[in-house]
Amino acid sequence: MYRIIEKKELNSSLKSMVIEAPHVARAARPGQFVIVRIHEEGERIPLTIADFDREKGTVTIVFQEVGKSTMHLGTLREGDTIVTFAGPLGQPSEIEDYGKVICIGGGVGIAPIYPIVRALKDKGNYVISIIGVRSKELLFWEDKMRDSSDELIICTDDGSCGRKGVVTEPLKEILDSSNTISRVWAIGPAVMMKYVSALTRPYNIHTIVSLNPIMIDGTGMCGGCRVIIGDESRFVCVDGPEFNAHTVDWDNLLKRLQFYKKEERLAIDHWTHKCKLNND
Ligand code: FAD
Ligand code: FES
Ligand code: MG
């Protein structure tokens with residue numbers, strides 16, 4: 001059992017939790033994730049290791065409540081336990097001194113990009129971070145990102161904070177005005193990563209994305225997380241989650257993410273109905 005030792009509401013649909021999981025914290029590296037199961041009958045969901053403290057033996061997760069499992073997780077309180085917290089899983093990010101790099105986090109993707117930004121900075125890179133959200137109230141970890149970056153650019157769709165517009169706009173401006181960017185990382189909704197990838201391709205800049213297909217076991221056994229990279233099938237849970245953006249078949253990934261929409265809707269309807277019955 002894994003105890004929730006701290007819970008914070010970052011905004012109306014986004015929560016962070018610090019989980020007591022010494023064996024995960026001990027081995028965790030930027031770019032890796034855990035598989036979480038709330039209770040014995042619960043489904044397994046992947047969540048990125050957003051932060052870790054080896055001395056305290058804790059791991060931080062940040063999750064957006066989008067469906068049954070994340071909403072259920074959001075109802076748990078400090079002191080409660082979760083039954084499965086398996087990890088660290090996946091290949092860690094390759095962190096070297098590349099020179100000048102750009103790190104992009106969109107929406108909840110700000111959480112997984114943070115440990116990568118911090119590690120790149122610690123390694124000596126000059127890090128320009130670009131983070132984007134729909135509006136100011138959805139922004140989180142601005143301070144953490146500012147502290148770990150040499151430059152931080154904030155974008156909001158409605159202009160309520162930072163500059164108005166999407167993350168690809170400042171990215172294009174930087175790429176047009178500088179030829180010293182050696183790498184770009186992008187984590188966020190698949191469609192955002194697809195657009196970043198399309199933008200950096202003509203500049204021939206190595207671009208890394210962290211893919212988010214549906215996962216079940218997280219150990220390479222079920223095939224659920226299969227993606228097409230170049231001409232090959234790869235399993236994101238063991239071969240990734242990071243891949244060269246310019247080799248990803250984005251349309252295939254976007255299609256597969258839609259596969260279980262009907263079942264996901266039924267699960268949430270069933271769960272909210274049960275919750276209401278229990279409260280009566
Ligand atoms: P559902 O209603 O079941 O699904 C909503 C949508 O979430 C689906 O349409 C699908 O696109 C996606 N999804 C559903 N089930 C899964 C699954 N088993 N695996 C992956 N995606 C699924 N989200 C965060 O908020 N924070 C994170 O740090 C984070 N890290 C991730 C790291 C990896 C490696 C991957 C693959 C995904 C990550 N996600 C993260 C996405 C998160 O796993 C899904 O949002 C979550 O599983 C949704 O579950 P649900 O039951 O609440 O929603
Ligand atoms: Fe089963 Fe990757 S989640 S193979
Ligand atoms: Mg679900």
Side-chain angles (χ1 to χ4, degrees), residues 9-19 28 30-39 41-52 59-76 82 84-93 105-116 133 138 140-141 187-193 208-227 229 233-243 248 252-272:
E9 296 209 3
L10 301 178
N11 62 49
S12 54
S13 65
L14 197 73
K15 298 196 164 76
S16 71
M17 285 180 176
V18 178
I19 312 287
Q32 292 185 298
F33 65 94
V34 287
I35 293 269
V36 173
R37 199 164 47 119
I38 302 169
H39 56 83
E41 286 88 42
E43 68 173 344
R44 297 161 66 86
I45 59 163
L47 294 173
T48 307
I49 296 174
D51 206 352
F52 51 87
V59 171
T60 304
I61 50 171
V62 175
F63 57 94
Q64 184 118 39
E65 296 179 345
V66 292
K68 193 261 157 189
S69 296
T70 46
M71 285 181 188
H72 193 167
L73 184 60
T75 64
L76 302 187
I82 46 186
T84 302
F85 197 79
L89 299 171
Q91 304 296 325
S93 309
V108 70
I110 296 169
I113 203 76
Y114 166 69
I116 297 173
V133 286
L138 300 177
F140 66 99
W141 284 13
I187 308 185
V191 72
M192 181 206 91
M193 296 191 284
I208 299 146
V209 286
S210 182
L211 299 183
N212 56 350
I214 290 176
M215 289 188 179
I216 303 154
D217 64 330
T219 60
M221 307 283 280
C222 71
C225 66
R226 186 169 58 80
V227 288
I229 304 291
S233 279
R234 303 288 289 275
F235 291 160
V236 173
C237 64
V238 286
D239 300 324
E242 291 184 0
F243 292 95
V248 175
N252 176 270
L253 172 67
L254 286 162
K255 205 162 85 191
R256 284 176 69 89
L257 282 169
Q258 303 298 317
F259 269 8
Y260 300 103
K261 282 285 172 209
K262 196 170 135 218
E263 289 78 5
E264 287 157 5
R265 192 66 253 159
L266 284 172
I268 189 102
D269 286 349
H270 182 68
W271 182 68
T272 18

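It should be emphasised that the depicted structure is a prediction, and the values quoted were computed from it without experimental measurement. In each ligand, atom 1 is the first atom listed, and ligand 1 is the first ligand listed. Positions are given from 1, in the same order as the sequence printed here.
- Scanning all protein heavy atoms for the shortest distance to atom 14 (C) of ligand 1 gives Glu264 OE2, 3.7 Å.
- Residues Thr84 and Val34 are not in side-chain contact: their nearest non-hydrogen atoms beyond the backbone lie 4.5 Å or more apart.
- Evaluated by nearest non-hydrogen atom to atom 28 (O) of ligand 1, the leading choice among Ile35, Thr48, Val236, Leu266 is Thr48.
- Using a 4.5 Å heavy-atom cutoff, the side chains of Phe235 and Cys222 are not in contact.
- The ligand atoms of ligand 1 that sit less than 4.0 angstrom from a heavy atom of Arg44 are 18 (N).
- Under 4.0 angstrom from ligand 1, the non-hydrogen atoms of Val108 all belong to its side chain.
- Nearest protein heavy-atom contact of atom 48 (C) of ligand 1 is Val66 CG2, 3.7 Å.
- Taking both residues in full, the closest heavy atoms of Ile216 and Ile35 are given as O-CD1, 4.1 Å, listed atom of the first, atom of the second, then distance.
- Between Thr48 and Ser210, every side-chain heavy-atom pair lies at or beyond the 4.5 Å cut-off.
- Among Leu257, Val62, Ile61, the residue whose heavy atom lies closest to atom 26 (N) of ligand 1 is Val62.
- Contact annotation: the side chain of Pro241 never approaches that of Asn212 to less than 4.5 Å [non-hydrogen atoms, C-beta and beyond].
- Remark: minimum distance from atom 53 (O) of ligand 1 to any protein heavy atom is reached at Gly67 CA, 3.2 Å.
- Looking at every heavy atom in both residues, Gln64 comes nearest to Ser13 through NE2-OG, 3.0 Å.
- Counting the atoms of ligand 1 from 1 in the order shown, those under 4.0 Å from a heavy atom of Thr70 are 50 (P), 52 (O).
- For atom 47 (O) of ligand 1, the closest non-hydrogen atom of the protein is Ile45 CG2, 3.3 Å.
- Nearest approach of Ala111 to Val62, heavy atoms of both residues: CB-CB, 3.5 Å.
- Below 4.0 Å from some heavy atom of Phe63 lie the following atoms of ligand 1, by number and element: 24 (C), 25 (O), 26 (N).
- Residue contact check: Ile216 has heavy atoms under 4.0 Å from atoms 3 (S) of ligand 2.
- When only non-hydrogen protein atoms are considered, atom 23 (N) of ligand 1 lies nearest to Leu47 CD2, 3.8 Å.
- Of all atoms in ligand 2, listed by their number and element, those nearer than 4.0 Å to a heavy atom of Cys237 are 2 (Fe), 3 (S), 4 (S).
- In this structure, atom 18 (N) of ligand 1 lies nearest to the protein heavy atom Met215 O, 2.8 Å.
- Between Val238, Val236, Asp217, Leu89, it is Asp217 that holds the heavy atom closest to atom 3 (S) of ligand 2.
- With contacts defined as side-chain heavy-atom distances shorter than 4.5 Å, the pair Asp239/Ile229 does not qualify.
- When every heavy atom of Gly220 is checked against every heavy atom of Val238, the shortest pair comes out as N-CG1, 3.9 Å.
- The closest donor-acceptor contact from the side chain of Gln32 to the backbone of Gly90 lies under 3.5 Å.
- Side-chain contact between Phe63 and Ile45 is absent, with no heavy-atom pair separated by less than 4.5 Å.
- No heavy atom of Gln258 sits closer than 4.0 Å to any atom of ligand 1.
- Atom 2 (Fe) of ligand 2 has no N, O or S atom of Cys222 under 2.8 Å away, backbone or side chain.
- Taking 4.0 Å as the cut-off, Glu43 counts as a neighbour of ligand 1 on heavy-atom distance.
- Near Asn212, meaning under 4.0 Å from one of its heavy atoms, ligand 1 places the atoms 35 (C), 36 (C), 37 (C).
- Among protein heavy atoms, the minimum distance from atom 4 (S) of ligand 2 is reached at Gly223 N, 3.2 Å.
- Residue Arg44 comes nearest to Asp217 through the heavy atom pair NH2-O, 2.9 Å, listed as atom of the first residue, atom of the second, then distance.
- Residue contact check for ligand 1: Pro213 places a non-hydrogen atom closer than 4.0 Å to it.
- The N, O or S atom of Glu43 lying closest to the Mg ion (ligand 3) is OE2.
- Heavy-atom contacts of Gly218 reach the following atoms of ligand 2: 1 (Fe), 3 (S) (cutoff under 4.0 Å).
- Of all heavy-atom pairs between Glu242 and Ile116, the closest is OE2-CD1, 3.4 Å.
- Inside a 4.0 Å radius of atom 36 (C) of ligand 1 there is at least one protein heavy atom.
- In terms of modelled atom types and a separation under 3.5 Å, the side chain of Arg256 and the main chain of Gly224 share a donor-acceptor contact.
- Here the protein heavy atom with the shortest distance to atom 22 (C) of ligand 1 is Ile214 CG1, 3.8 Å.
- Taking a distance limit of 4.0 Å, we find that atom 12 (C) of ligand 1 is approached by no protein heavy atom.
- Using cut-offs of 30° and 60° for the angle between ring planes, the Tyr114 and Trp141 rings count as perpendicular.
- Remark: the backbone N or O of Leu14 is not paired with any side-chain donor or acceptor of Glu65 at under 3.5 angstrom.
- The closest side-chain heavy-atom distance from Met215 to Leu89 is not below 4.5 Å.
- Counting the atoms of ligand 2 from 1 in the order shown, those under 4.0 Å from a heavy atom of Gly220 are 4 (S).
- The protein non-hydrogen atom at the shortest distance from atom 38 (C) of ligand 1 is Pro46 O, 3.4 Å.
- Here Met221 has backbone heavy atoms under 4.0 Å from ligand 2, and that is the only part of it that gets that close.
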